[in-house]
Amino acid sequence: MIPRTFPPAPGWSPDGHRIKSEVDYGRGPEKTWVYGALRVRDGQQVTMTASSRNSAFYQQFLQKIEAANPTGDIYVVTDSLSSHNSLSTRTWLEDHPRIRHVLIPVGACWLNLQEGWWRIFHKAAPAGQSFAGPPETEQATRLATPQLNARARPWIWGRPAPPTRRLRRRYLYIL
């Protein structure tokens with residue numbers, strides 16, 4: 001999430017046309033990336049903010065996932081971002097055999113249940129806000145994650161079957 005500032009509209013020109021101004025928007029050094037992991041069996045989420053999307057922060061996030069799930073195997077379904085498949089990440093994963101990477105194919109984000117959770121998270125945490133800087137983004141993430149985890153429920157891939165419809169009218173034909 002990136003801080004954005006938009007100058008106010010300057011008004012109208014003398015000939016009656018609206019004056020167009022350039023949008024003051026940039027991707028400067030003040031970025032905040034939000035990492036997220038979804039445990040599908042109970043809907044609990046682990047999030048972390050970072051100033052960059054590199055292998056070091058990704059490995060920190062994997063450590064956070066491992067700490068949140070102390071027993072059993074951990075399957076991390078992820079996209080093909082370079083930090084997810086870098087040499088340092090693969091070396092790190094060799095030292096942590098409980099974590100297994102499953103890379104989804106390019107263009108198949110619908111296979112990742114995390115994407116649905118991101119939609120819910122973006123409605124709850126940023127909710128159309130414009131943050132002044134990384135600390136505000138981190139605070140919104142810290143507040144939204146426990147609130148969403150409080151009402152979490154298991155995630156199921158796909159749509160549930162529609163309920164069976166009862167007949168609304170029954171006609172009786174007499175001959």
Side-chain angles (χ1 to χ4, degrees), residues 1-4 26-161:
M1 294 178 211
I2 303 162
R4 300 176 186 161
R27 290 185 176 260
E30 291 190 14
K31 290 184 219 149
T32 301
W33 299 98
V34 180
Y35 287 90
L38 172 68
R39 191 168 53 206
V40 294
R41 81 170 166 254
D42 60 3
Q44 293 295 307
Q45 180 75 18
V46 175
T47 57
M48 180 185 96
T49 57
S51 60
S52 177
R53 282 196 325 180
N54 58 20
S55 298
F57 283 118
Y58 182 63
Q59 291 163 19
Q60 284 179 15
F61 181 61
L62 290 175
Q63 287 175 343
K64 195 170 181 177
I65 293 171
E66 192 172 31
N69 299 286
T71 60
D73 289 340
I74 301 169
Y75 290 90
V76 178
V77 179
T78 185
D79 58 10
S80 57
L81 189 65
S82 61
S83 62
H84 299 167
N85 202 21
S86 68
L87 178 62
S88 65
T89 299
R90 287 181 293 180
T91 305
W92 188 90
L93 286 169
E94 288 175 4
D95 296 335
H96 298 84
R98 287 190 327 120
I99 300 177
R100 300 182 186 179
H101 250 192
V102 179
L103 297 173
I104 59 173
V106 174
C109 66
W110 53 272
L111 290 173
N112 190 352
L113 290 176
Q114 177 71 20
E115 296 296 332
W117 192 89
W118 279 121
R119 186 180 69 243
I120 294 170
F121 178 79
H122 280 284
K123 286 182 181 178
Q129 299 176 35
S130 180
F131 298 108
E136 288 185 1
T137 304
E138 292 170 13
Q139 181 184 12
T141 302
R142 272 195 319 273
L143 293 174
T145 302
Q147 290 174 5
L148 291 170
N149 281 342
R151 58 180 193 261
R153 60 181 194 270
W155 280 70
I156 300 169
W157 187 82
R159 183 179 292 175

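- Y58 and S83 get closest at one heavy-atom pair: CD2-O, 3.6 Å.
- Here I74 contributes atom CD1 and R98 contributes atom CZ; the two are 4.0 Å apart, rounded to the nearest 0.5 Å.
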**Test side chain to side chain contact (heavy atoms under 4.5 Å, CB included) applied to T49 and W33, step by step** = CA-CA 6 Å; T49 57; W33 299 98; over 6 Å; no

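- Side-chain contact between L93 and L62 is present, with at least one heavy-atom pair separated by less than 4.5 Å.
- Evaluation of the side chain to side chain donor-acceptor pair (under 3.5 Å) rule for S86 yields S55, S88, T89 as partners, not counting sequence neighbours.
- Between V46 and K64, the closest heavy-atom pair is CG1-CG, 3.9 Å.
- Once rounded to the nearest 0.5 Å, the distance linking CG of L38 with CD of Q44 reads 9.5 Å.
- Residue pairs that meet the ring-ring contact (aromatic ring centres under 6.0 Å, His included) test with at least one member in residues 59-81, sequence neighbours left out, are Y35-F61.
- For V106, the side-chain contact (heavy atoms from CB on, under 4.5 Å) partners are S80, not counting sequence neighbours.
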Got a list of side-chain donor-acceptor pairs under 3.5 Å for residues 143-152, not counting sequence neighbours?
residue, atom, partner, partner atom, Å
T145, OG1, T47, OG1, 2.8
T145, OG1, T141, O, 2.9
N149, OD1, Q45, N, 2.7
N149, ND2, Q45, O, 2.9

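- Using a 4.5 Å heavy-atom cutoff, the side chains of V76 and R100 are not in contact.
- Using a 4.5 Å heavy-atom cutoff, the side chains of I99 and I65 are not in contact.
- Interatomic distance, R142 CZ to M48 CE, rounded to the nearest 0.5 Å: 13.5 Å.
- Between T78 and L103 there is a side-chain heavy-atom pair separated by less than 4.5 Å.
- The side-chain contact (heavy atoms from CB on, under 4.5 Å) search around R41 returns R39, N69, not counting sequence neighbours.
- Proximity of a side-chain donor or acceptor of H84 to a complementary backbone N or O of D79 within less than 3.5 Å is detected.
- Contacts classified as ring-ring contact (aromatic ring centres under 6.0 Å, His included) and involving residues 132-153 (residues at least two apart or in different chains) are not found.
- At least one side-chain heavy atom of V34 sits under 4.5 Å from a side-chain heavy atom of F121.
- The distance from the CD atom of Q63 to the NE2 atom of H96 is 6.0 Å, given to the nearest 0.5 Å.
- Checking side-chain atoms of R153 against main-chain N and O of G43 turns up no donor-acceptor pair under 3.5 Å.
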